[in-house]
Each structure stands twice: as C-alpha cells, then as structure tokens.
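Only this structure's heavy atoms are used, side chains among them; waters, hydrogens and symmetry mates stay out.
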Amino acid sequence: MAYKKWIIADADKEKASELSEKFNIDPFIAYLLVARGIENDLEVSDFLSPSYNFSDPFDFADMDKAVARIEQAMDFGEKITVYGDYDCDGVTATALLVSLLRNMGADVDYYIPLRETEGYGMNKSAVKQIHGNGTKLIITVDNGVSAVEEAELIYSLGMELIITDHHRIGEILPRAEAVINPHREENNIKFKDFAGVGVAFKLACALYGDTDDILFQFADLAAIGTIADVMPLIGENRALVKYGLQMINSDSRPGTSALKSVSGGDEKPLSSTDVSFMFCPRINAAGRIDSASRAVEMFLAEDRENALFIAEQLDLDNSHRQEIEQNIFNDVLHKIAYNPRLIQDRVIVIDGEKYHNGVVGIVASRVLDEYGKPVIIIGTDGGRARGSARSTEGFDIFAAVSSCADLLNKFGGHSGAAGIELSEENIDEFRRRINEYAERKYSLMPPQSLHIDCKLSPFYLNLDLANSLTVLEPYGEANPKAVFALIGLNLVSVAEMGGGKHIRLECEKKGRKFRIVKFGCRAEDFPFAPGDKIDAAVRVSKNPYNGREYLSVQAVDIRRSGINEDKYFEQKADYELFTVNKSENPSVYPNREICSVIYKFLRSKGGWRFGFDELYFALGCVTYGALKFALDAFEESGLIVYNSGTISICRVDFKVDLMNTPTLKALKGRLNID
C-alpha cells in the first residue's frame, strides 16, 4: 500500500470547552465536533438533536409546477414513466417514486437503462421505446439535467418531461415542465447536497403533502441511496439517514429485510457503515452485472418471500462482480510487473481488452490505494474504449480529463472521480497528454492523506469511549468515523485471524496492553515483528458477542514509529522533480558506499517483500532518490529481481561493475560526477 501523509486535526480547545458546557456533552466529543467544523450553536444543536425540521419542499424552484403536472396526469389517467439510473442512488429513487405514485393511484411504470449497452442518463432509443408503450409524462430521477437533445425528442413525440436530478447544471436547461435540482439559483433552499433519492424524496413530500408520512414510508430508501452516493451526512441528509436506519432495523420493508438476511445483517442493528458495505454493493451489482430493474423490484416487493428470492440473486451478482473485479485487478498488476514505467507516471493509465465497464471504477480505487497516484482503468472492446478514473485528494481528475477533451468521445465526473469514452487508438496519446497536464499544472503531485481527529493515549481505549462516540453517528461523507493516532506502541505479538486473511496485534504502552485488528492483511505481508515500535491510526467501536459488548480497535494505517514524515515527502518530491528534468540534485545519486549499505541490508533480509516505502524507512539512512536509482542499478546488473515492491536476491557468479550500469552512468553524466 502507498504511504499516506497523516494530517492530525488541530481544533480550538477553548471553543470545544465552551460547547461542552453549553450543550452538556462530553468534552472529548465537543473537541471532535469543532475539529469537523461544527462549532456554531445552530450547527451543534441540529447535529445533536434526535429530531429535525425538514425544509419546505416547495422552496425548490418548479416544485409547484411538477406537482400540478403530476396531479393532472393522475386525474386524467395518463401513463407516467419514471426514468431512473442503474446505480444504488438511482435504484432507490426509482423505487421510492414508483411506489408512492402507485399508492396514490397513478398509472406508472419505470425504465432504467442498461449500463453496458446504454450507459448513464437518457438516450433516444429508450425515449422512443417509452413512447411506444403509451407514456404521456416522463419523470427522471438521478439524471436528466444534461439531456437537452433527448428532451426535445420527448416533446416532438407528444410527451412531456419533469426532471429531478442532483448533478451540476450545464449552460442550458433541457425543455421540461419542471426542473427540480438543488443547484438551481432560483431555489430558496439552504441545504443543497442531496443525492438523487433526496431530490425524489422532496418531490414525494410535495406530492403527498406530509413530510412525516413520507419519512415513515420511505426513509429507508432515502438513507440507502444517500449513503451509496457518498453524499455529506450533514443537515437534511444526516436526518434522512438517521430515520432511515431506524426503519431498516425495524424490518418494515420486505426488500431491506431480505437484504439484511443475505448479507448477514440479522444479528445486530445496522449502522450507516454496515449499509455501505453490506447493502450498497449488492444493489449496485445488479446494474453492473445484469439489470438494475431487479433491485427496483426487490424494493417494490410486497412479500418477503419474493423479496428474498431477488436479494439472493443480487448476492450472487455481487459474488460474480467480486470475481470479475479480482481478475481485472490481477491483470492490471501483471501489466505493471511487465511494464513498471506505468506506475512511474504521475497519472497511472492502464487499459485491457474487455475489462468489464461495471467494475473498472472499483479496480481503479484499489490501484489508487496500492500506489497512491491518480488512476484511470480502461476497458477496450472492438475499437471502443471506456474507463473510470479515481484520484487523490488535491488532484482534480475531472480537470485533467477535460484537458484531453479533444481525444474523448464522452466524459464526465468531478474532482475525485471521472468516466471517459474514447477510441482505442487514442489511448496512448491520452496517457501521454494527461501526464503532460499533470507535470504542467502540478509542480508536485499531492500525496495520499489520512485525516486523523487527534492523538490518543491507550489508557482511553475502553467501552466508555466507544459509547460516547455513538453521538456522532450516522457516519459517512463529511462526518467520517473518528480516527485516532496511537503513538509509540510496543508490538508484543502478531497472530492470524479469519483463516489467515487478517491479523490481530498485541500492543503495549506504559503497562497498558490492548489488541488491534488489521483486516485484509496476512501475517506474512505485515512488515513489523514483535519488539518493533509502531504508530497506529485506529477506529474504535463496540462489538456485541453472546449478549455482551466488547471493545473493537481496528487499524486504518500502521507505520514505523519515530519516522520523519516531512523528510520522506521532501525527498520524494526531490526525486520526482529530478525525474522530470526540473532539478539537479546530487542527493539522488547512490555512490559506492550507499549501494553497499543497501545491498548488504537486502542480503541480510534474504530480499524484501514489503514495498519500497517500508524499505526506505527500514534503512533509515538513504535518500528516497538514491534508493530508487540504486535498485534500478542492482536490477540492471543482475543482482536482484525487483517486481512491484518485492525484491529477490539473485545468485551471481561474476564480478559486478555496478558504477558502470546504464542508470548510474547516466546519473554521473547528468550530475557531472567523476
């Protein structure tokens, strides 16, 4: 995994003390609220309140027009089609609106495009099909604000359109009876960060005339879609998710109850984190592997048996998705091993034949975590190429993609993620151009970062802490689970868990012993051994078991204690500037003595398998650049085989002239070293 920069929040302690006294809350919780920017009285009151006053849905521009047109359609028996999207947000928004309209007596069906053949949003073929089915009014959810041409087609065919969407608005609004979007300047709303299902929820409130009743009926759907679309869990979103979790845990909808069963969630109350990891992948899997309509039908099902049958199908889809994802990820790693230059680029761009378009975004996220750089994974098929991008904080991947617009057939996204479509023949030029953009716009690439709420003494690791943290729930975007830094721990032991898939660390500091669980890490891949000193970034929670509650401490990141993080990033920046010919820095040259130190260390360890960064910190006496170039020289001379952070020592029966390898000769020439 790529090394992350730890950013520890520095909150105003006096302000936290003031809030603690005013609202009678734990001083520690008050400190965490201030660290998250929640510090004025109204924000704190809204955040802590068990209830919430939702805004008037008619504060949205065009809401009155939308309600009037839908009521007209119901009065005259006109057929309505809800046009949704294939992701979790679109599925829940579709199910919510279709269910409400059916309950109100409307003649309504729905349409969700296929991801693989139709792609996101409205398309003309679908519009014609909907017209052929006798529809008079189309209502979009989670899409439509950019469908200018499709809207004109709708009206030319004698139909009418209402748009509900939460995506950013372009220069032209499509023709429609109403466009309900939180980003319209004409709105009279304060909170704008709704998911698509949140906008559909507001329309439902306006149609039904009672927000409390709509909450009672549909809060679970609103919560699932909001969590899945990674919307900030503040304001109305936080309230929606709070109410939704109560509904999910009461098993009031057959579809959510069925999802709990197939995902193993029957034994405990589910949190927003549980919904994110257990519900959302299974719902999304329907749209990634087959048709998202099945997920809609699960939520519309009126009996649990039917809902459970569909949920089991979604569970199988998710397993299939995981298999496809792993195969693509393995192929990407193989391509990197064959051509290491791919990960030396500032923006990693990797293409593969028939990579499934439904999972390339997930693979891009995994490659990002592994190498700490913006990543674009592209699947090709018959000359057509489609890909997904994921980025580090601080690097605007949408702006980078936009700089290559002339090479692309379609693209869209935001600063952290983007989607692209282009001709296969343009991939190499796209790779070159986007990296050229990165070099031109960013003198140094932003590192991956880990935001930490505060340093914590192990003596505060107890159930009281876990209980006090529950006031921060539900967790999500803009309100993540608290992360604490435990500094200078003595590693006592490392034990396997879960059949070797995970590890449990026994740690100690100043006589206080405790356990930390690190998921997804095998013991043989863990770079530290008993006796080492480590720092751990952790999350704390309660773990119910056999009627009792136990403290659970889960590692988010672990690193060698006492390292100089600033020095590491400074030296890494020096190396990157040197490699793009923007500096002349002698510190990157590994002389004979430095090479000897590195090679002797590798020999003493029998090679290395814990990645470059960990090797750098384990050595502790070599610059980042010197280590990089030394390893290149070792490989050129046949001393090692270096593959994706794993170093194997080669048996050499001849004398090696290391200083005359191509790498070191080129360095000496560039730096004028004799």
Side-chain angles (χ1 to χ4, degrees), residues 2-7 37 87 89 120-121 143 145-146 165-171 181-183 192-196 229-232 234 342-351 357 360-378 385-422 426-451 476-478 480 569 572-573 576-577 579-580 582:
Y3 187 81
K4 296 179 177 67
K5 184 176 180 64
W6 287 17
I7 301 174
D87 70 359
D89 185 18
Y120 168 77
N143 74 96
V145 78
S146 61
D165 199 354
H166 71 122
H167 294 98
R168 297 285 175 176
I169 295 171
E171 294 181 2
N181 187 299
H183 300 294
K192 299 182 178 182
D193 292 322
F194 292 100
D229 227 41
V230 200
M231 304 308 295
I234 54 177
L342 291 168
I343 57 171
Q344 293 173 13
D345 287 343
R346 290 189 159 205
V347 180
I348 298 172
V349 180
I350 297 176
D351 61 283
N357 187 54
V360 289
I362 303 173
V363 175
S365 294
R366 291 181 64 179
V367 178
L368 168 64
D369 287 340
E370 191 70 27
Y371 297 104
K373 295 182 176 185
V375 177
I376 304 174
I377 304 296
I378 301 172
R386 290 183 294 171
S388 285
R390 298 293 184 270
S391 189
T392 54
E393 183 180 347
F395 184 88
D396 189 334
I397 194 66
F398 180 69
V401 165
S402 299
S403 73
C404 306
D406 58 304
L407 296 172
L408 305 174
N409 301 328
K410 290 169 61 176
F411 67 96
H414 51 81
S415 61
I420 64 171
E421 183 175 320
L422 70 164
N426 288 333
I427 292 175
D428 288 341
E429 178 64 9
F430 173 75
R431 181 184 292 110
R432 185 191 70 79
R433 286 262 299 275
I434 200 166
N435 275 284
E436 184 182 79
Y437 170 89
E439 290 180 14
R440 185 173 67 252
K441 293 291 186 179
Y442 293 81
S443 57
L444 295 173
M445 290 292 284
Q448 264 193 309
S449 56
L450 174 63
H451 291 273
E477 184 70 10
F569 283 109
K572 185 177 182 181
E576 289 179 352
L577 288 171
T579 56
V580 294
K582 292 185 178 179

Checklist entry - Roughly how far apart are Asn357 CG and Glu421 CD, rounded to 0.5 Å? => result 8.5 Å
Next on the checklist: Quick one, His167 and Tyr120 - any side-chain contact, counting heavy atoms below 4.5 Å?
Outcome noted: yes
Item to check | Closest approach of Val349 to Ile378 (non-hydrogen atoms, all atoms of both residues) | outcome: CG1-CD1, 3.9 Å
Checklist outcome for this item: dist Ile420:CD1 -> Phe398:CZ (nearest 0.5 Å) comes out at 12.0 Å
Item to check | ring pair (Phe, Tyr, Trp, His ring centres under 6.0 Å) against Tyr371, all qualifying residues, sequence neighbours excluded | outcome: none
Item to check | Which atom of Phe411 lies closest to which atom of Ala405, heavy atoms considered | outcome: CE2-CB, 3.7 Å
Checklist entry - In Å, rounded to the nearest 0.5 Å, how long is the span from CD1 of Ile377 to CD1 of Ile350? => result 5.0 Å
Checklist entry - Can you find a heavy atom in the side chain of Glu576 that is under 4.5 Å from one in the side chain of Lys572? => result yes
Item to check | Gln448 CD to Asp369 CG distance, which is reported to the nearest 0.5 Å | outcome: 5.5 Å
Item to check | Heavy-atom neighbours of Arg432 CZ exceed 12 at 6.0 Å | outcome: yes
Next on the checklist: Let's go through Arg346 and Glu439 carefully: what are the C-alpha distance in whole Å and the side-chain angles of both, what is the deciding distance for side chain to side chain contact (heavy atoms under 4.5 Å, CB included) to 0.1 Å, and is it a yes or a no?
Outcome noted: CA-CA 8 Å; Arg346 290 189 159 205; Glu439 290 180 14; 3.7 Å; yes
Next on the checklist: If you compare all heavy atoms of Gly196 against all heavy atoms of His166, which two are closest, and at what distance to 0.1 Å?
Outcome noted: N-CD2, 3.3 Å
Next on the checklist: As an exercise, state the distance from CD of Gln344 to CG of Asn435, rounded to the nearest 0.5 Å.
Outcome noted: 11.5 Å
Checklist entry - With a 3.5 Å cut-off and no angle check, do the side chains of Asn181 and His183 form a donor-acceptor pair? => result no
Checklist entry - Which pair of heavy atoms, one from Phe569 and one from Lys4, lies closest together, and at what distance? => result CZ-C, 4.2 Å
Checklist entry - Short question: side chain of Asp165, backbone of Val145 - any donor-acceptor pair under 3.5 Å? => result yes
Next on the checklist: Which heavy atom of Ala389 sits nearest to which heavy atom of Ile376, and what is that distance?
Outcome noted: CB-CG1, 3.5 Å
Item to check | Whether Phe395 and Tyr437 hold their rings parallel, tilted or perpendicular, with breakpoints at 30° and 60° | outcome: perpendicular
Checklist entry - Can you list every side-chain hydrogen bond (donor to acceptor under 3.5 Å, both in side chains) pair that touches residues 391-402, not counting sequence neighbours? => result Glu393-Ser449, Glu393-His451
Item to check | Qualifying residues under side-chain hydrogen bond (donor to acceptor under 3.5 Å, both in side chains), relative to Asn143, sequence neighbours excluded | outcome: none
Checklist outcome for this item: Between Ala364 and Val375, the two heavy atoms sitting closest are O-CB, 3.8 Å
Item to check | Charged N-O contact under 4.0 Å between Asp428 and Arg431 | outcome: yes
Item to check | Cationic N near anionic O, under 4.0 Å, Arg433 to Glu436 | outcome: no
Item to check | Spatial distance of atom NZ (Lys441) from atom OG (Ser403) [nearest 0.5 Å] | outcome: 9.0 Å
